[in-house]
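Here is how names work: the chains are called A, B, and so on, in the same order as the sequence lines, proteins then strands, and each is numbered from 1.
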Amino acid sequence: MSTERPKYDPSSIEPKWQARWEQEKTFEARRHPGRPKAYILDMFPYPSGSGLHVGHPEGYTATDIVARYQRMRGVDVLHPMGWDSFGLPAEQHAIETGTHPAQTTAKNIATFKRQLKSLGFSYDWSRELATTDEAYVRWTQWIFLKLFQRGLAYQAELPVNWCPALGTVLANEEVIDGKSERGGHPVVRLPLRQWTLRITAYADRLAQELQGLDWPETKEKQVHWIGRSEGAEVDFALEGRGEKLRIFTTRPDTLFGATYMVIAPEHPLLESLVTPEHRQKVLAYRDSVVSKSDMDRTALTKTKTGEFTGAYALHPISGARLPIWVADFVLGSYGTGAIMSVPAHDERDFEFARAFGLPVVEVVSPDGQLHDTASWTEAVTADGVAVRSGFLDGQRTPDAKATMISHLEQKGLGTRRVQYRLRDWVFSRQRYWGEPIPVYFPVELPAGSTDPRKHPHTVRYDQPIAVAESELPVRLPELEDFKPSDDPAGPLSRALDWRFFQKDGKWFARETNTMPQWAGSCWYYLRFIDPHNTQAAFSKEAYDAWMPVDLYVGGSEHAVLHLLYARFWHKVLFDCGVVSHPEPFGKLVHQGMILGENNEKMSKSRGNVVNPDEVVQRHGADSLRVYEMFMGPLEAVKPWQTQGVTGVRRFLDRAWNTLAFVREEPGAAEAPLDEESLRLLHKTVKKVGEDIEALRLNTAVSALMILTNRLADIPRVPLETARTFALLLSPFAPHLAEELWERLGATKSLAYEPWPSYDPALTVDDVVEMGVQVNGKMRSKVKLRRDATEADVRAAIANDPNVLAHTQGKTEKKFVYVPGRIINLVVG
RNA sequence: GCCGCGGUAGCCCAACCUGGUAGAGGCGCUGCGUUCAGAACGCAGAGGUUGCGGGUUCGACUCCCGCCCGCGGUACCA
């Protein structure tokens, strides 16, 4: 063949087209009146120091394909990218090297941006933003003030995991066996003033408004996380005391089966109710538990532990004396931190009762008969009929619950109550590299003190004052030293000139806690619609033009936290009238993780990390993109196969060799396409379009491969066919497609070229081969027109020896003929 | 334990939604062509009791029931 022809060379084609797109601002999002819009969003990355890994381009390629496809269909597309750039690693790096986190962050962003650009994604880079930008922080703080003004941001004393050696507060996951995961330093549980967001006020809406969303199983995860349970709060009198012990139960119908009470080790009444003779043991037990993190408490305690306090509660109806125990399986942070124990009908209570020899009384019976619990090996938790329960006797469980609650409410002994597993969101971090919380407090100076930076003073944390909107953003102070101190107030407390200021002759102190990394990602999708607005977070026009997000793709590790937090903020903004949809993300897809070649999670320590830069260098961005889509279903977890990339590279090579020179062939413009190839072409146009819309990108690639193989086989490819192919390929391998498009005679980018259409009549074959079964077993095949009649079929198979061999001497019982599908002779 | 997803050729995966000839595509393997030889390329080919057991049906990878295995999430939330 003509050896003069250039080979497919992605290393020259790809930079050429990337430069062209950038220069011509091809992908700047513009809204045209009357056109449909699509807001196609990736979860923006945290720009880590190690750069992009092959997992990033998976979701990004999928959205890019959809974005490019939609543009070709005449849809206005918003497809932005930015950086979730606050975060611990940059701060940790600062502590170790003294490099300012802003510097590290800028450097990492530059690397990420270069890598993403090398993959040819069609982002509108003019909308790039970073959560660390002051212009962005300003509006993050503005939203915080909205929460604060609505009473949804409040301060509370909460126990945290404080590690004095590291000088930091640790997440539960970072504490193992009472020691820090990193370094093994002791960790103490310490109550600390924290900003908290009242997400529980939105619990029901967050659960219910999931219903209309096109989301995967993530919806169930969120519902479970929110964990609504309905029940009652009941007050138990304490023997010999004025106070009551309030408990929460979902089974008020089992009240008569309560044989003892259990309170959490952190219960406020514990100290005062424990009797002198039990005091020592109870307090020792409490101390042993309280120092543990929640994780350890729940993970390590398979067998129940606890102590009797010596105190008794009185049953609100029967007046029976119920011993009060303390045990760590009762959590201080859920419900009221106290329970009534009904061992016959609750697994945990049953276990505890057996461990400590407490009585088990049956009050719910499957058959209404009375049973002896002595031989029971487990609790009966199913619904049944109330027994040994006075006025409830004979009632089914649901009725008994309702009856008991009304009774309690009537007598003033308890109330109906809905309880959530979801807790309010601890929103402050004792860190430097985060958004300052835009709040300050009055400072009181005792006589003789004039300057809180030098003299003793009291900060009135109980009187928080919102920073005026006009003064936003509150910027981070410059620090030389990012090291934590032994003060849990965090590094900002050392920036005295920043922290303390005077106004109208009075001293005030700024909040020294910062926001968690989640804050910035809670609303970035809103800033993308109007990223340069200096008057507002975004304009109403921009909102109406682009919102809501039509497709949101990102990892399922964010299924609960990020996606719940963002929805929460959105709903608050909805209530403020700032946004006009109750939900921000219409359709959500989680891409599956890409494993290493050895089928294990990619990690440096396993030595199985694939670097996308190397793949791009070797085979080009188009090969990487197409391979990642071809690996398997987008949502599936799948292993990397280096040989697979080679296979895709061969496909692109073949496409190049088959199509790049079509125009130079004499007579290409008039060359006819044989009927079978024509049908395949139309089938492919149909399938690729449908597959993109359903995000079945693996099978779309496969369809393109089939078409390529066919075109490579026919003697001459017509120019129009080659042009159609380039358009079909372009969302997947945009650089190669643009290059082909140009070689086939175009002078401008194909980015807005109309997506090819197809003739439905050509997408079905009129002659099909059908299987012929006898009694359901395949015996032969026959080629017939799709619209063949039963008589045609009978004629066609009448003399088929393979069929006759199995029907000879038998009588036909049934003749099944599904046109285009199957023929089945049932004989006997 | 509970919830979710999955199990098809040596490997990655189609076909399952909507039952109808088990195979689209890629990798690997075998043979042939090409080559001094290899790589690349081209052509041809082999390879499966669809995790197991039962049910429904003329017909089950597909639908239903029960189990086994793998992965992810969650874990004493009263």
Side-chain angles (χ1 to χ4, degrees), chain A residues 1 7 216-221 223-225 227-229 231 247-251 254 262 295 297-299 301-302 304 327-331 333-342 345-349 351-352 419-423 556-557 559-560 590 592-593 595 597 599 601 626-627 630-633 635-651 653-654 657 687 696 698-709 712-713 768-782 813-828:
Chain A
M1 287 284 247
K7 286 191 167 155
E217 71 291 343
T218 306
K219 290 205 272 194
E220 284 90 78
K221 280 189 194 169
V223 169
H224 177 240
W225 190 263
R228 180 191 161 100
S229 34
I247 60 99
F248 173 71
T249 178
T250 56
R251 293 294 302 272
T254 62
V262 185
M295 288 280 261
R297 236 170 95 171
T298 51
T301 14
K302 280 289 168 213
K304 297 267 183 292
D328 67 354
F329 82 89
V330 174
L331 306 175
S333 51
Y334 184 81
T336 61
I339 60 163
M340 67 173 190
S341 223
V342 185
H345 307 293
D346 181 281
E347 285 171 40
R348 297 152 301 181
D349 294 348
E351 245 181 80
F352 192 85
Q419 182 68 41
Y420 301 95
R421 215 183 74 104
L422 180 72
R423 313 292 155 85
S556 59
E557 65 272 23
V560 176
H590 298 302
M593 207 189 340
L595 305 175
E597 207 138 12
N599 247 299
K601 213 174 200 163
V626 174
Y627 172 62
F630 185 60
M631 289 175 81
E635 297 90 334
V637 177
K638 44 216 175 269
W640 184 269
Q641 298 196 119
T642 300
Q643 286 301 325
V645 188
T646 322
V648 165
R649 171 61 190 266
R650 279 183 205 149
F651 156 56
D653 276 330
R654 194 175 306 140
N657 293 332
K687 178 159 180 63
R696 289 186 300 250
N698 52 329
T699 51
V701 172
S702 164
L704 290 169
M705 287 174 167
I706 294 167
L707 181 59
T708 306
N709 290 345
D713 274 350
V768 288
E769 190 176 46
M770 281 180 287
V772 183
Q773 300 180 338
V774 178
N775 287 343
K777 288 207 167 86
M778 284 301 305
R779 298 302 182 191
S780 185
K781 294 172 185 181
V782 62
K813 287 185 161 172
K814 191 166 180 178
F815 187 84
V816 181
Y817 168 48
V818 183
R821 294 281 191 191
I822 202 78
I823 296 146
N824 188 11
L825 282 158
V826 185
V827 296

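- Here the side chain of Q643(A) is nearest to one of rG25(B), rC13(B), rC27(B), namely rC27(B).
- Spacing between rA22(B) and rG51(B) at atom P, rounded to whole Å, works out to 16 Å.
- Between the side chain of K304(A) and the base of rC76(B), a donor-acceptor pair under 3.5 Å is found.
- Under a 3.5 Å cut-off, the side chain of Y627(A) and the backbone N or O of G647(A) do not form any donor-acceptor pair.
- Legend: residues meeting side chain to side chain donor-acceptor pair (under 3.5 Å) with N698(A), ordered by chain and number and at least two apart, are absent.
- Taking atom CZ of R821(A) as the reference point, atom P of rG59(B) lies 19 Å away to the nearest angstrom.
- Heavy-atom minimum distance, M770(A) versus P819(A): SD-C, 4.4 Å.
- Checking rG4(B), rA78(B), rC12(B) against the side-chain heavy atoms of E217(A) singles out rG4(B) as nearest.
- Here, rC61(B) and rU50(B) have their P atoms 7 Å apart, quoted to the whole Å.
- Comparing rU62(B) with rG55(B), their P atoms are spaced 14 Å from each other, to the whole Å.
- Rounded to the nearest Å, the gap between the P atom of rC3(B) and that of rG66(B) is 12 Å.
- As a whole-Å value, the separation of K221(A) NZ from rU74(B) C1' is 9 Å.
- Taking atom C1' on both rU8(B) and rA14(B), the two are 9 Å apart, rounded to the nearest angstrom.
- Atom name C1', nucleotides rG4(B) and rG47(B): the rounded distance is 35 Å, in whole Å.
- Nucleotides rC27(B) and rC13(B), compared at atom P, are 16 Å apart to the nearest Å.
- Here, rA39(B) and rA46(B) have their C1' atoms 24 Å apart, quoted to the whole Å.
- When every heavy atom of Y334(A) is checked against every heavy atom of S229(A), the shortest pair comes out as OH-OG, 3.1 Å.
- As rounded to whole Å, 15 Å separates atom P of rC27(B) from atom CD of E597(A).
- Here rC58(B) is the nucleotide among rA24(B), rC13(B), rC58(B) with the atom lying nearest to any side-chain atom of V826(A).
- Nucleotide rG25(B) holds its P atom 15 Å from the CZ atom of R650(A), rounded to whole Å.
- Between F352(A) and F329(A), the ring-plane angle classifies as tilted under the 30° and 60° cut-offs.
- Take the nearest nucleotide of RNA chain B for E220(A) and for M631(A): the residue whose nucleotide is more 5' is E220(A).
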